[in-house]
Amino acid sequence: MAKEIRTRFAPSPTGYMHIGNLRTALYEYLIAKSQGGKFILRIEDTDQERYIEGATDIIYETLKQTGMQHDEGPDVGGDYGPYIQSERKDTYLPYAKKLVENGAAYYCFCTKDRLEEIKANSADKVAGYDRHCRDLSKEEVEAKLKAGTPYVIRQKMPLSGKTSYTDVVYGLVEIENSELEDQILVKSDGMPTYNFANVIDDHLMNITHVVRGNEYLSSTPKYNLLYEALGWDIPVYIHLPPVMKDAQHKLSKRNGDASFQDLLKKGYLPEAILNYIALLGWSPRDNREFFTLNELVENFYIEGLSKSPAVFDIVKLRWMNGEYLRNMDPDKYYALALPYLKKAVASPDIDLKKIASLVQGRADTFMDIAPLIDFIDALPEYSTDIYCHKKMKTDKVNSLENLKAVLSLLKGIDKRDWNEEKLHDSLINLASEKGVKNGQIMWPVRTALSGKDVTPGGAIELLYILGKEESLARIETGIDMLEE
RNA sequence: GGCCCGUUGGUCAAGUGGUUAAGACAUCGCCCUUUCACGGCGGAUACAUGGGUUCGAAUCCCGUACGGGUCACCA
């Protein structure tokens, strides 16, 4: 039986979940789930300085909202815990010491000042640490240790040769060992660096596929050297291209680019966001674009992953969100839209469900609803110019005439008969009696009722929504304005 | 700057030596229609660049340009 696929999402709790991060989680989830594997959540909080309170809750919450449930993690447990790196602090040092013993790592007593100095002096010559402590004698090391000198443990890179590996999406990657810095494995506070903790944890947690952003592409050989020194199997690597804000800037929290949470606040659906970002860097075998999370699992295949950066296009997300909204069950739509409808319409007698049905086909996000129906509570000020419409063949003169006719017609309709069918038949009749196009009646009515040149729904719907009293009042206002 | 990676229309993206170079968003035009939207139909727009290899290159090789990444006691 083939080994079970295990992937992990390993965010550091430093704030909101940004889109690139979420997409990485998605692909990790899909890679595992499409092959019947496990998806693990691990919190990488080895940098206490950057820790932000509440950030882990956002991570849990986001995973829940998107439906990407992890099989193991700090909140759900599992056989490989703890799943928070700060709680595993003691597990790393022994491995570092083992590396020191077998010559793959060494103690370094250089002060931060000294390091800064080399950095400043070396300009753009050799990158990184100058390996000052690499060849200290055993005695020197012992003495310093005994004296309590602060130290870090660094990885001892080979000075010559190359290290290569095959990435699933990028193919063969080969780096000269001389390019590799003697990176720090254990910091002076005793905490491991990401570089070290990552390797240890991935191995200890049986992670088979390491999936992460391609900024690690050229440092991966360092990790492989670590795996080898420890005598461990090297995992499968899948590096992902970045999600961009524009052609040259990555999407990032620092620039305040949209996070998942922001998009939700802006009225986007979690499932639409997920669907959209799935397609940013991956494409299915056919031309399908709409997928639920489960459908993504069914259709996912690793070869569909792309290696070039993708620009996040909010315009297309809007469209896709709109499609989700339009295809939603009307009752569900009503339930989700209700808070937004209530905020936009204060009048208590308004049929919000009717409004929901009008707005469902027109609003791409929930935030788009309010501006569409801002005329309901009160008639806005408007210019009579909008009564003129070329295609409807309306102008101020015939609008006035038709509005008057409509007014007296509507006055005759009993309040109890004030429904769309009745209103529709009456107005259509009026048009044919007068021998004019329907639009010549409808357009001025719609205009008088809304004071806008664009509305969700036409004259009939607006008459119904506004009710007899309000409708008549607004039409009278329109007549007054046109008579001036 | 060294090293690594990338480059198909404005954007996402199919394509793995022979195609009229898909499809989607956006855009433009037309149709439908009581406005708008939805929907339908159609248009315009792309293989960064120069050399090879080959009967034949978006597809393979080399160079160039452009862009990104990396070179932290951050992840």
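This is a predicted model, so every value here is computed, not measured. Only this structure's heavy atoms are used, side chains among them; waters, hydrogens and symmetry mates stay out. Each chain gets a letter, A, B and so on, in the order its sequence line appears, and its residues count up from 1.
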Participant: With C1' as the reference atom in both, quote the distance from rG43(B) to rC62(B) in angstrom, rounded to an integer.
Facilitator: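 That atom pair is separated by 40 Å.
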Participant: Locate the shortest heavy-atom distance separating Pro309(A) from Pro241(A); write the atom from each residue and the value.
Facilitator: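 That closest heavy-atom pairing would be N-CB, 3.9 Å.
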Participant: Taking the basic N atoms (NZ, or NE/NH1/NH2) and the acidic carboxylate oxygens, is any pair closer than 4.0 Å for Asp182(A) and Arg131(A)?
Facilitator: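 Salt bridge present between Asp182(A) and Arg131(A).
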Participant: Tell me whether the guanidinium CZ or amine NZ of Arg285(A) lies under 6.0 angstrom from the six-membered ring centre of Tyr301(A) and within 45° of its axis.
Facilitator: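 Yes.
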Participant: Roughly how far apart, to the nearest Å, are rC47(B) and rU16(B) at atom C1'?
Facilitator: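 It comes out at 14 Å once rounded to the nearest Å.
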Participant: CD of Gln155(A) versus P of rA72(B): gap in Å, rounded?
Facilitator: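 Distance, rounded to whole Å: 14 Å.
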Participant: Can you check the Tyr165(A) OH to rC3(B) P distance for me, whole Å?
Facilitator: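 Value for this atom pair: 17 Å.
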Participant: So Thr46(A), base contact, sugar-phosphate only, or nothing? Heavy-atom distance under 4.0 Å.
Facilitator: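 Result for Thr46(A) = sugar-phosphate.
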Participant: Starting at the 5' end of RNA chain B and moving along, which residue's nearest nucleotide shows up first, Ser219(A) or Leu280(A)?
Facilitator: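 Closest to the 5' end, via its nearest nucleotide, is Leu280(A).
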Participant: Could you state the CG-P distance from Asp45(A) to rC73(B), rounded to the nearest angstrom?
Facilitator: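 Atom-to-atom, Asp45(A) to rC73(B), this comes out as 19 Å.
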Participant: Base, sugar-phosphate, or nothing for Ser283(A), non-hydrogen atoms under 4.0 angstrom?
Facilitator: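 Sugar-phosphate contact only.
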Participant: Between Thr394(A) and His389(A), is there a side-chain heavy-atom distance shorter than 4.5 Å?
Facilitator: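 Answer yes - side chains close enough.
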Participant: Students often get this wrong, so: under 4.0 angstrom with heavy atoms, is Glu174(A) touching a base, only sugar-phosphate, or nothing?
Facilitator: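 Result for Glu174(A) = sugar-phosphate.
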Participant: Could you check whether Cys110(A) gets within reach of a base, just the sugar-phosphate, or nothing at all, counting any heavy atom under 4.0 Å?
Facilitator: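 Base, at least one base atom sits under 4.0 Å.
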Participant: Where the side chain of Ala310(A) is concerned, which of rC73(B), rA13(B), rC5(B) is the nearest nucleotide?
Facilitator: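 The nucleotide sitting nearest to the side chain is rA13(B).
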Participant: Hey, which sits more toward the 5' end of RNA chain B by its nearest nucleotide, Thr111(A) or Leu305(A)?
Facilitator: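 Nearest nucleotide further toward 5': that of Leu305(A).
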Participant: Would you classify Leu172(A) as touching base, sugar-phosphate or nothing, given that sugar-phosphate means primed atoms plus P, OP1 and OP2, and contacts are heavy atoms under 4.0 Å?
Facilitator: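 Sugar-phosphate contact only - Leu172(A) comes under 4.0 Å of backbone atoms but never of a base.
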Participant: Specify whether Tyr237(A) and Tyr165(A) have parallel, tilted or perpendicular ring planes, treating 30° as the upper limit for parallel and 60° as the lower limit for perpendicular.
Facilitator: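 Because their plane-to-plane angle is over 60°, the rings of Tyr237(A) and Tyr165(A) count as perpendicular.
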Participant: If the cut-off is 4.0 Å, is Lys112(A) near the phosphate of rA72(B), judged by side-chain N/O to OP1 or OP2?
Facilitator: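 No, Lys112(A) has no side-chain N/O under 4.0 Å of OP1/OP2 on rA72(B).
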Participant: Rounding to an integer number of Å, can you tell me how far Lys307(A) NZ sits from rA14(B) C1'?
Facilitator: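 Going from Lys307(A) (NZ) to rA14(B) (C1'), I get 15 Å.
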Participant: Within the 4.0 Å limit for protein heavy atoms, which parts of nucleotides 57-69 of chain B are touched? Write it as a string from 5' to 3', B for base, S for sugar-phosphate only, - for none.
Facilitator: ----------SSB
Participant: Indicate for each nucleotide in nucleotides 22-45 of chain B, in 5' to 3' sequence, whether protein heavy atoms under 4.0 Å reach the base (B), only the sugar-phosphate (S), or nothing (-).
Facilitator: BSBSS------BBBBS-S------
Participant: With P as the reference atom in both, quote the distance from rC61(B) to rU7(B) in angstrom, rounded to an integer.
Facilitator: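 Roughly 12 Å separates the two P atoms.
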Participant: What residues, two or more places apart in sequence or in another chain, satisfy salt bridge (Lys or Arg N to Asp or Glu O under 4.0 Å) together with Asp167(A)?
Facilitator: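 Expected list: none.
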Participant: Base, sugar-phosphate, or nothing: which does Leu115(A) touch, judged by heavy atoms less than 4.0 Å apart?
Facilitator: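 Base, at least one base heavy atom under 4.0 Å.
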Participant: Is it the case that Thr365(A) and Asn321(A) place a side-chain donor and acceptor less than 3.5 Å from each other?
Facilitator: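 Absent: no donor and acceptor within the cut-off.
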Participant: Nearest-Å distance, CE (Met320(A)) to P (rU11(B))?
Facilitator: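 Met320(A) atom CE is separated from rU11(B) atom P by 19 Å.
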Participant: Quick one: pull up CG in Asp425(A) and CG in Leu430(A) and give me the separation to the nearest 0.5 Å.
Facilitator: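 Going from the CG atom of Asp425(A) to the CG atom of Leu430(A) covers 12.5 Å.
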Participant: What nucleic acid atoms does Val311(A) come within less than 4.0 Å of, heavy atoms only: base, sugar-phosphate, or nothing?
Facilitator: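 Here Val311(A) touches the backbone only, sparing every base.
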Participant: With a 4.5 Å limit on heavy-atom distance, are the side chains of Ile19(A) and Ile273(A) in contact?
Facilitator: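 Yes. Closest side-chain heavy atoms under 4.5 Å.
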Participant: Whole angstroms only, please: what is the CD-P distance between Glu303(A) and rG15(B)?
Facilitator: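 The answer, rounded to whole Å, is 11 Å.
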Participant: Please state how far atom CG in Leu251(A) lies from atom P in rC12(B), giving the value in whole angstrom units.
Facilitator: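 Atom CG in Leu251(A) sits about 13 Å away from atom P in rC12(B).
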Participant: Quick test of your reading of the model: are Glu215(A) and Lys250(A) salt-bridged, counting only N-O distances below 4.0 Å?
Facilitator: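 Result for this pair is yes, salt bridge flagged.
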Participant: Decide yes or no on salt bridge (Lys or Arg N to Asp or Glu O under 4.0 Å) for Glu461(A) and Arg446(A), but give the supporting numbers first.
Facilitator: CA-CA 9 Å; Glu461(A) 285 89 352; Arg446(A) 216 201 87 261; over 6 Å; no
